[in-house]
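Scroll down for the structure; my scribbles are underneath it.
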Amino acid sequence: MSERPRYTPADIEPKWQHHWRTQQPFRAVRRAGHPTLCALDMFPYPSGAGLHVGHPEGYTATDIVCRHARMKGFDVLHPMGWDSFGLPAEQHAINTGTHPSVTTRNNIDNFRRQLQALGFSYDWSRELATTDERYVRWTQWIFLKLFHRGLAFQAETPVNWCPALGTVLANEEVIDGRSERGSHPVVRMPLRQWTLKITAYADRLLDDLVGLDWPETREKQTHWIGRSEGAECDFAVVGHDAKIRVFTTRPDTMFGATYMVLAPEHPLVAQITTPAQKAAVDAYVLEVARKSDMERTALGKKKSGVPTGAFATNPATGQPIPVWVADFVLGHYGTGAIMSVPGHDERDFEFARVFGLPIVQVVSKDGALADAGTWKEAFVDDGVAVRSGFLDGKQTEAAKAAMIDWVEAQGLGTRKVQYKLRDWVFSRQRYWGEPIPVYFPVDLGAGVDDPRKGAHTIRYDQPIAVEESELPVRLPDLADFKPGDDPSGPLARALDWRFFQKDGRWFARETNTMPQWAGSCWYYLRFLDPHNDARIFDDAAYDDWMPVDLYVGGSEHAVLHLLYARFWHKVLFDCGVVKHKEPFQKLVHQGLILGEVEYTAYKDSHDAWVSPDDVEEDADHELRKKGTDLGVVVVKLRADQTQKKGGKFVLIDAPDVVVDARAHKMSKARGNVVNPDDIIERYGADALRVFEMFMGPLEAVKPWATDGVVGVRRFLDRAWNVCVAAEGEGPLDDESLRLLHKTVQKVGADIEGLRFNTAISAMMILVNRLAEIEKVPVSAARTLALLLSPFAPHLGEELWERLGGEASLAHEPWPTFEPSLVVDDVVEIPIQVNGKLRAKARLRRDASEADARAAVAGAAEAQPFLAGKTEKKFLFVPGKIINVVVG
RNA sequence: GCGAAGGUGGCGGAAUGGCAGACGCACUAGCUUGAGGUGCUAGCGGGGCGACCCGUGGGGGUUCAAGUCCCCCCCUUCGCACCA
């Protein structure tokens, strides 16, 4: 054979990356009359660890969409940037003394290098970092918008203080009483905090979810916002002036309220507890306070509580009912107190059962009266009100309305909408974040003329916004980044930065900084016009591209980032800065890529095998054999030591020992992280890109398997060989020509439907076919190169050039297909007898039933199943199937 | 407990109600190649010498025809977690 050049990604990939970097074919430019696409990736936090194979998954998906769109004539905005504030750089600074800005710069350089090595078609001229002062300026500018609208305020609120991190955390950052990052214990304590009034937007955040092309994330946000309608109502405490205000979604059941419960944190607890109960209540409240949220909920079903000894009057019945304290009532939801209707609420029912409190039926399924005391569970469905005075006979909905009317008429309370969503604690006691652009007057102590040197009081009650013209408020250079054990943060130590004089008066800057979410709340907007120092962005740039058509990122941001960003967007909408109610039209979460599948078995201390079902974790997180105190160790196995038996993997040498076969999340601790650099070195960036897309549906969680990469590499090799061997303009045989056109159709449709895995398999089929043909015409090879190019852009460009392409194929028109060639005139269709496949026939697509009958008669394999039988039914679906039903 | 997604070969996965397992990995055999991770050809769900039979978590149902639609159950993963 002649010497043909081989496919060498190590040569062609840098070549084209250089071309793209210098020629900038991916700059986002608007041309009148062209459709537009704004496709956005969730920008990464540039960690020191660099990219892992999870990053390129979503990035490759959007890159394919963008490259395809450009070839379809779209003007495309596809930017990338860095979410570069964050704790790790600061932690690194604490550990090593390296300034976070240095670490951040290095990490960004590394991330950029890695992303460019993957050949993504970003418009790098729009690159931004949230840590850039020119970006921070506008983040602070948005904060001032919030501040001036009364949406940013200081509050002495109970917050999640994490002593180990030395900062407060948003509720969303606390999981089971521990920090999301690092899993450190979190305690609740009241502190002065900047808080954003996201609850003012709760209804709009909820309502505007309708109509978005989003996955189940919409439901997650709905649950997170947690809107519930009901009423507030006061219950008078017997013998006190005090009233207990409760929130209920079931006002119709008030006649059935047989007791009340206060949260242990409730301010009235101390006031109304009788002397006889004081000791018990104090002890209980103390005990609960000591417990973390985790322990409080880990108790699960067991209800605990203590009576206060006090009674309140049920306003509906006029009867006194006991008031209890119990931890299942949360101080921070609703009013921190409930009326308990054990007949019609599961928790109240359970509680009543544990403490022998009366259970009364006030809602009936069919109007019939029952004895609730004998019930096994509460009746929580809607029904008809009974034993409820003026509500009797009313359906639940009507009864609710009537009861609320009554409560309002009596002046006891009002209709009320309650949300789970709480306001967003927005300050962090950290250095590496955006300074909050606010300062406070300072009162000097007697004889003190400089607060840096003497006693003073900072008037936190008189916040003053920094003038827009003075933005950005820059971070001071600091050498010591350690968080304090109080919430003033490391910036409090930068005295010359913190205190300043203006018109002869001393002021102090806010020393808290913004949380990492701030920068990511609006970066998609800055991409529109990233170098504009006069405005946040130009209106024309906004009109060119907004809103974001496609937003791809991990589902871990389903509530946190996406809710906050939507909130800011709506505030900016109210300010007239943006013109759409919602920023992200279509949202897709790429599935997590797990590590390689691992096979593990267990052995006890006698060296005997233990199946995973018999292994449990004891209180010290040590593994032991269930029901014994034998310690158990993990044994890692190779795949070839195991086999499948009855749906489970077992040891080949000991088939009664079950082996765990599962893929785990990639983590440094587990040592199963795959670095894309290594894959690129071995197989090339295009192979990595294609493999990530070939692994399965974009949204699915998938285990990584390095072995599989060779498969796509072979495919790319073959595609290369087919194209470099292409010659002349001879005709393609009919079947191959049809396959080519069908592939063009399928690849285009699959890209638009984000079904990259099936697009790739279609191209594999095409390449396998073309590889069998002696002389592939150049035109077919050019089509193949174009189809391939969104997935394997370096290969696509190189082949295009070798096939005589004049310039980069980045804007070359996407191939079209001939509709008549994608539908076959003659199709092979199955012949079934009683629904079972017996033969096959080749029939014209427009064949008649008579043709079909003739085909059946001519199908020798089918005859034995027809002989001597009576035809009951003859089914013929043209182009699909023949089914003869006989009896 | 609640909510969502999902269960198809050894593995990743295909399949507008119409030939289950496309495409790829791994594996087996042969060829080739002087070999050290990437060549070529063939085979590859299970059972049976075979014609055939059985197979999409389990059980029912609808239909000429069900992985796909309906009902019940089981399991896995993810999210939320006493929200009044």
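By convention in this document, chain letters (A, B, ...) are assigned in the order of the sequence lines, proteins followed by strands, and residues within each chain are numbered from 1. Values in this document were obtained by computation on a predicted structure and should not be read as measured data.
- Base pairing of B:A42: its partner is B:U28, meeting the Watson-Crick or G-U wobble criterion (both donor-acceptor distances under 3.5 Å).
- Ion pairing of A:E598 with A:K636 is present here, as a side-chain N (NZ or NE/NH1/NH2) and a carboxylate O approach within less than 4.0 Å.
- For B:A14, neither phosphate oxygen OP1 nor OP2 lies less than 4.0 angstrom from any side-chain nitrogen or oxygen of A:R755.
- Remark: A:R838 is not in phosphate contact with B:C52, judged by side-chain N or O atoms under 4.0 Å from OP1 or OP2.
- You'll find a donor-acceptor pair under 3.5 Å spanning the side chain of A:K303 and the base of B:C82, going by distance alone.
- Separating the P atom of B:U76 from that of B:U63 is a span of 35 Å, rounded to the nearest Å.
- Remark: B:C64 base-pairs with B:G18. Criterion, Watson-Crick or G-U wobble with two distances under 3.5 Å.
- At the phosphate of B:C83, neither OP1 nor OP2 sits under 4.0 Å from any side-chain N or O atom of A:K420.
- No donor-acceptor pair under 3.5 Å is formed between the side chain of A:H794 and the backbone N or O of A:D686.
- Between the base of B:C64 and the side chain of A:N883 there is a donor-acceptor pair shorter than 3.5 Å.
- With a 3.5 Å ceiling on both atom-pair distances, the Watson-Crick or G-U wobble partner of B:G6 is B:C75.
- In B:G30 the O4'-C1'-N dihedral to the base is more than 90° from 0, which defines an anti nucleotide.
- Place A:E216 and A:F715 on RNA chain B by their nearest nucleotides, and A:E216 ends up nearer the 5' end.
- Across all strands shown, B:G12 forms a Watson-Crick or G-U wobble pair with B:C23, both key distances being under 3.5 Å.
- Mapping A:V701 and A:N834 onto RNA chain B by nearest heavy atom places A:V701 closer to the 5' end of the strand.
- Applying the 4.0 Å criterion to OP1 and OP2 of B:G24, one finds that A:R713 has every side-chain N and O outside that range.
- Taking the six-membered ring where the residue is Trp, A:F351 and A:F328 present tilted rings, their angle falling between 30° and 60°.
- Stacking of A:K243 on the aromatic ring of A:F235 is not recorded, the 6.0 Å distance cut-off and the 45° axial limit not both being met.
- Distances shorter than 4.0 Å separate none of the side-chain N or O atoms of A:R218 from OP1 or OP2 on B:G79.
- Ring orientation note: the planes of A:F355 and A:W324 are tilted relative to one another, at an angle of 30° to 60°.
- Put simply, A:N768 has a side-chain N or O that comes within less than 4.0 Å of OP1 or OP2 on B:G24.
- Between A:N757 and B:A14 there is a side-chain polar atom (N or O) within less than 4.0 angstrom of OP1 or OP2.
- Phosphate proximity of B:A84 to A:S228: present, with a side-chain N or O under 4.0 Å from OP1 or OP2.
- Within 4.0 Å of A:K836, counting heavy atoms only, lie sugar-phosphate atoms of the nucleic acid but no base atom.
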